[in-house]
Amino acid sequence: MRSCKGFAGFGFYMAVAFVLAWAVVDASAQGTKEVVVGFTGPISGVVAEYGQDCANGLEMAISDINGAGGITVKGQKYNFKLAKLDEGLDPTASVNNCRRFRDQYKTPAIFNPLFNSIAAISKINQEKGNEFIIMAYTSTPKAIEIGNKMLVAIPPPFTVYVKSFSDIAWEKGFRKAAMVATLGAYGDEWRAAFKEYWLKKGGEITIDKPANYYTETDFSAPLTAALATKPDVMLIGGPSATTALVIEQARGLGYKGGFILIDQAKMDYIANILKSTKLMYNTVGTAPVEQSPTEAAPNFEKRYRSLHKRMSTWEVWLHYNGMSALARAIAAAGTVDDVYAIRAAFPKAFPLLGDKFPSAPWFGITPGGRMECPGSIQTIDKDGKYGKVKLALWQYKTEAEFKQAVAKAGPISADVEWVFFKREKEQ
Amino acid sequence: MQLFFQQIFNGIMLGSTYAIVALGLTLVFGILHIPNFAHGHLYMLGAYISFFLMTLYGFGFWTALISSMVILGLIGMLIERVVYRPLQGRPHINSFISAVGALIILETSVIVFWGPQGRRIPNPYPDIVELLGITMSYQRLLVIVAAIVLIILLQLFIKKTTPGTTIEAVAQNREGAMLVGINVNWVSSLTFAISTATAAAAASLVAPIFMISPTMGALLGMKAFVIVILGGLGSIPGAIVGGYILGILEAIGGGYLSAAYKDVYAFGALILILSIRPTGLFGKELS
Amino acid sequence: MAPTKFLREKWFYVLLLVLALALPWLMTNRYYFQIVIMGCLFSITTLGLNLILGYTGQASLAHAGFFGIGAYGVAILTKAGLSFWLALPLSALLAAGIGFLIGLPTLRSRGSYFAISTMCFGVIISIVAGNWIDLTGGYNGIVEIPLPNPIPLPLIGSLDFQTQAAQYYLVLTFLIFTLLIMHRLVYSLLGLSFMAIRNNEVLAGSVGINTFAGKILSFVVANFLAGMAGGIYASLIGTISPTTASLELTFNWLIFLLLGGAATLTGPIIGAFVIPVIMEYLQFLAEYRLIIFGVMLIVVIIYFPRGVMGAITNLKQRSRDFFGRRKETVKGVAGG
């Protein structure tokens, strides 16, 4: 019938157009080749924001690298591409996604920001003929303890923050600490490390009342119990948004003491929710990203906000650096598929300095596989004003080495306090 | 002692929220026999609607609350029509799956279209008052008062008005109600609308104290089921009593014992109570 | 039954078995192979769920909790040095035992009351797993769980489980084992009594069936299977945490079961394979994937209430009716 024929004809021409378009698009990619890097993380669910921030950082890095001409390996130009998959909070999905990346794109490296997934993936990243590097965004020493030779950890170990925050709180005269931090893997580890360090210094832990920052919004019960023990400083923190609520509720119950924020909680995010730092007096925590003393920081933050309509976080910045280091390592290794060579070439990716990188200076990578990202610390005094940003270097054995590194730090604002922590066992 | 009363106050406020949400759920579960597992996510949607009305269109707090109730009531009717009515008469477990589907759609849509980050609704009554050594914020007191008002209004509606008694008639005997000419489909829609509207009210009242996020309803939805089962399916007094019991249990348990095991106490208590009274505190035998 | 007759009647299943055994040679793609292995594993859990829900009519939402008990059991025991082959049955028995203890109070309730009761228990398991740090490692869970111990075989040396092929045969063996158990149970008097309890518990009781004992037995066997699957999972994936016992997993299996076809032997397996494959295929939808999944759930459960197997049975019935009627009319016309 006429209508059928007409329709069939239309369909035919559409199909031809489609095939042509696809061929053209495919052909145009022939000049520059692509290296695909994988990201599997929690893009949906309770920690969706965390997962999405990580992926956003990777995408910014990739667009900058490609914009600067990509990398050249053995005379062939390469651009990078990010393949992103959601895994919820399920290590089974993680493993599936990694196998998918390897099958479809032969990715040399895969990023993942959850310790449980990283541990599951570590079982399959060294299969003969199918190896890949795990770019692990986790600050727990447990990730390094797994001992996987093809694993690179990105953020600084959280123990640096435990020590620096405790030292600062101690200097302020606080001695009695109450803990109302988050439950969960990260919170549990932080609390245990803090308790050990604080008690060793001679301080007192008046009470430990963790709460689930991921699912609760009403903390009146644990806060009331904690305040009854009359602490002068409280260890709190978990996801930033909930931490803001905790601060608000604690002040609302009459608490006038100090706060130590575990590094998961971001000061600037909290200040944004509370509309000012008024309630955050006598607080120590990780420095806000935009106070980062590098040249590149202000522009970076502006770009991120115009792209994503919200504030950036350390997840974004450290993933930016991590991806850039990976690209440099691939270029230095002179190969896009020999992952052992790429891993061995990582030291050549450094230093990452403050002119190009919002988080700096990164000087190298530890033998255990953790990139040497400095810890960033900030305090808010009793009037609600920010202090000087402190950068903590934790990778040197002697103070002499530390001083040499500071001298080579490059374009970092002079208004920074440098803190030395002696290097400990691999973490 | 003061600590104890503060915890009790906290518990009553928590319980008020639970009671309103459980009320809505028991209406639907007990009367329509629909296990609306997506109730918690509809609650979340109510909070987001209030938020957008207030921040994008400049609605006042109370106007936004009423509007949110109306909008969510309509959405509730839509959900009943599309997701649950086709499954009338089939085993409950099928409605469960349908509810899970609706829940996934709601949560993912909110994350995709409005972003995963938490938002804040400006608190209309930020002041605090100290009474007998207990610190109370006005907003929290408001939640308690509003809960009591809502409960009383709902009871009056069910017992004294014609639509209300119609709903009760359908609950008691669906076929009998049809025989006397009651349009059971219309009653289903109305019940669902009331259920979701009350959830929207609870969400809008509580949101300024805390925060709204796409996953804020998940745990609450599950707890609402626990309360409804504890109190007995379809029993409004059961839902209210159950809600307050859970709230106070959580406050006391969280304050004096380990907050980590807080949910264990509540859920453990449920298993215990159900083993003694298999149909809940005030429930009757399932047909 | 004579071998040729058996082959003629069950040729389809024999073919399937041969294909399944030959799979590692046909499957060169590690990604697809991973999905198949996981599909086999989750078929076991879904079959277990089918026993208590599909055949006995009790909606147990604690299934992942028992999966978790099995997983943690194997993890803790094998890391302490015990052989996997001993740890696995012990953990499965532990899951069954705890199932028995929990069944006693909870099975006194019916329908939604039982469902919510078991849901609470499942959540309790994951909270305890997250907080009993000394035993379970807390929310970080247990990592570096060893693969199953190599089996010494005569002549060939030992069979270790490093390769996907070996892991596949492991789960396939347990899947066949589970199918055998299910088959014996379902096509027995016991299985009929389960279905009687499901269809009308009061009536079943009045004809002399001990409904409580039946429910407990079904529950315990289902949890044994779940625990067994959990133990295998722990060893193969190597990492477990409280999310291994999460409600989300139970919901996934519930979806596999209902969309595949409850109260059939093949339904759970179909669901456990088809749905993950669809989900992997839908990855191109990125963040919209879950929305489409939700819509799919609602549409399928409304239009295919008895799942894929139900739809196939319907189709067979309809075609039989159709062709039967044609035969009738032809006969009638021919004056037969």
Side-chain angles (χ1 to χ4, degrees), chain B residues 29 33 35 37-38 82-87 90-109 111-113 218-219 222 225-226 228-230 232-233 258 260-280 283 285-287, chain C residues 53-54 57-59 61 102 104-128 130-133 138-139 198 247-248 251-252 254-255 257-259 262 286-303 305-307:
Chain B
F29 205 173
H33 303 296
F37 216 65
V82 169
V83 171
Y84 292 116
R85 198 179 296 176
L87 295 173
R90 306 245 191 92
H92 278 189
I93 199 75
N94 291 29
S95 304
F96 209 77
I97 298 281
S98 213
V100 170
L103 172 172
I104 293 178
I105 295 176
L106 282 169
E107 189 177 302
T108 316
S109 303
I111 291 184
V112 168
F113 296 118
L219 188 62
M222 195 167 78
F225 262 88
V226 171
V228 162
I229 293 282
L230 185 67
L233 278 178
S258 165
Y261 288 99
K262 183 171 65 118
D263 293 326
V264 174
Y265 310 137
F267 295 152
L270 175 89
I271 297 182
L272 203 65
I273 294 181
L274 275 186
S275 65
I276 305 173
R277 282 190 60 93
T279 52
E285 258 310 321
L286 282 175
S287 52
Chain C
L53 174 59
Q58 310 299 313
L61 295 182
I102 287 297
L104 287 177
T106 54
L107 280 166
R108 304 192 60 213
S109 315
R110 302 205 194 135
S112 308
Y113 292 101
F114 173 69
I116 300 297
S117 211
T118 50
M119 181 183 85
C120 290
F121 176 69
V123 173
I124 290 178
I125 294 280
S126 43
I127 296 181
V128 167
N131 288 293
W132 196 345
I133 299 187
Y139 285 98
R198 173 194 67 196
L247 197 56
E248 204 182 304
F251 282 170
N252 283 350
L254 198 59
I255 293 172
L257 179 62
L258 287 171
L259 297 197
E287 54 260 39
Y288 298 99
R289 182 176 67 136
L290 282 177
I291 301 182
I292 303 295
F293 180 62
V295 172
M296 199 180 85
L297 274 183
I298 298 178
V299 167
V300 172
I301 204 69
I302 291 179
Y303 293 105
R306 287 168 54 216

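Letters A, B, ... mirror the listed sequences (proteins, then strands); counts begin at 1. Heavy-atom basis, side chains included; hydrogens, waters and symmetry copies ignored.
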Under 4.5 Å heavy-atom distance to chain C, tell me which part of B/V264 shows up: side chain, backbone, both or neither.
both
Proximity breakdown for C/M119 and chain B, heavy-atom pairs closer than 4.5 Å
side chain
So, C/R108 side chain and B/S275 main chain: donor-acceptor pair closer than 3.5 Å or not?
yes
Which portion of B/L270 sits near chain C, non-hydrogen atoms under 4.5 angstrom
side chain
Part of C/I125 lying under 4.5 Å from any heavy atom of chain B:
neither
What part of B/V228 gets closer than 4.5 Å to chain C, counting heavy atoms only: side chain, backbone, both or neither?
neither
C/V123 portion near chain B, given a 4.5 angstrom heavy-atom threshold
side chain
Report the distance from atom CD1 of B/I229 to atom CD1 of C/I116, rounding to the nearest 0.5 Å.
5.0 Å
Please flag which part of C/F293 lies under 4.5 Å from any non-hydrogen atom of chain B: side chain, backbone, both or neither.
side chain
Option that, when pairs with chain C are counted at under 4.5 Å, heavy atom only, ranks first among B/V112, B/L272, B/V226:
B/V112
Calculate, to the nearest 0.5 Å, the distance between atoms CZ and CD1 belonging to B/F96 and C/I301 respectively.
12.0 Å
C/S112 side chain near B/H92 side chain, heavy-atom distance below 4.5 Å
yes
Would you mind telling me which of C/T118, C/T106, C/L247, C/L254 has the largest number of heavy-atom pairs within less than 4.5 Å of chain B?
C/L254
Could you look at C/V299 and say if it's the side chain, the backbone, both or neither that has a heavy atom under 4.5 Å from chain B?
neither
To the nearest 0.5 Å, tell me how far C/L297 CG sits from B/S98 OG.
8.0 Å
Is any side-chain heavy atom of C/I298 closer than 4.5 Å to a side-chain heavy atom of B/I105?
yes
Cut-off 4.5 Å, heavy atoms of chain C, and the answer for B/Y84 is neither
Name the orientation class of the two ring planes belonging to B/F37 and C/F251 (parallel below 30°, tilted from 30 to 60°, perpendicular beyond 60°).
perpendicular
Among the options B/L87, B/I104, B/N94, pick out the one with the most heavy-atom pairs lying under 4.5 Å from chain C.
B/N94
Out of curiosity, B/E107 CD to C/I291 CD1, how far, rounded to the nearest 0.5 Å?
11.0 Å
Mind ranking C/S109, C/P105, C/A59 by heavy-atom pairs under 4.5 Å with chain B and telling me who comes out on top?
C/S109
Sort B/I276 into side chain, backbone, both or neither according to what part of it lies under 4.5 angstrom from a heavy atom of chain C.
backbone
What part of C/L53 gets within 4.5 angstrom of chain B, counting heavy atoms only: side chain, backbone, both, or neither?
side chain
CD1-CD1 distance between B/I271 and C/I124, expressed to the nearest 0.5 angstrom
4.5 Å
